[in-house]
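Here is the structure we will look at.
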Amino acid sequence: VSGKVLFDSLVTAVDGDEGSQPYFKTTIAGSLPWAGHCDWPDSPFPVLVIASAVRDSNGKVLGVLRLVMETACLQHQLANTDVAIDASNLVLLDENGRVIADARSPERRFGSARLTNLVKEQVTTDCKSVLWFPAGANRTTAGFAVTTPIGRLPWRLMVWQPANSYREPV
């Protein structure tokens, strides 16, 4: 199995070589399905890739089936969640602390923006100081966040609140 693209909704990708992509190498080696961020030729922003091995009836790997989703689609889904009426915000982070989606700002594109103080954090049950964008703001504001893993994915969901919400009377 070489990594040659046989079928794709992006016509220019057909006959391309994806053998060096991390999702292909990991999946073809026989591991579990792979999910993560990759740079993509027709997108200025990283995309979400989900890949799984395609096997014959004997279990031999024949190839890799992959789904590519622009983070804007994921951002739209997160924006449709019920976020508390207060100033809380839900932010999806990848394993490198890169922002995938923000529930309060579905129109915002984050590119390679990272929350560097959360890169190696798997779970933060204590509030950590994090600069983030309140709803509708163009500048970051001091706040606090906790994170939690999402199933077996290497990503985390961050719940953020601006610092002033901790100083307001209940």
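Quick note: residue numbers are just sequence positions, from 1. What you are looking at is a predicted structure, and each value in this text was computed from that prediction instead of being measured.
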> Out of curiosity, I28 CD1 to Q21 CD, how far, rounded to the nearest 0.5 Å?
Replying inline: 13.5 Å
> Side chains of V130 and F144: does their closest heavy-atom pair fall under 4.5 Å?
Replying inline: no
>> Are the side chains of W132 and D102 in contact, using a 4.5 Å heavy-atom criterion?
In response: yes
> Is the shortest heavy-atom distance from the side chain of L6 to the side chain of V14 under 4.5 Å?
Replying inline: no
> Between CG of L62 and CZ of R55, what distance do you get to the nearest 0.5 Å?
Replying inline: 9.5 Å
> Hey, does D8 have a side-chain heavy atom less than 4.5 Å from the side chain of R66?
Replying inline: yes
> Can V5 be reached from I50 by stepping across I, L, V, M, F, W or Y side chains whose heavy atoms are under 4.5 Å apart?
Replying inline: no
>> Salt bridge or not between D56 and K60? Use side-chain N to carboxylate O under 4.0 Å.
In response: no
> Are any of the side-chain heavy atoms of L90 and V159 separated by less than 4.5 Å?
Replying inline: yes
> Are V61 and F24 joined in one hydrophobic group, where the rule is that I, L, V, M, F, W and Y side chains link up if heavy atoms are under 4.5 Å apart?
Replying inline: yes
>> Strictly distance-based, threshold 3.5 Å: is any side-chain N or O of R139 a donor or acceptor partner for the main-chain N or O of F133?
In response: no
> Got V91 and V99 here, is their nearest side-chain heavy-atom distance under 4.5 Å?
Replying inline: yes
>> I need the minimum non-hydrogen distance between A51 and V64, along with the two atoms involved.
In response: CB-CG1, 3.8 Å
> Hey, which of N89, T148, L92, L93 is the one that makes side chain to side chain contact (heavy atoms under 4.5 Å, CB included) with M158?
Replying inline: L93
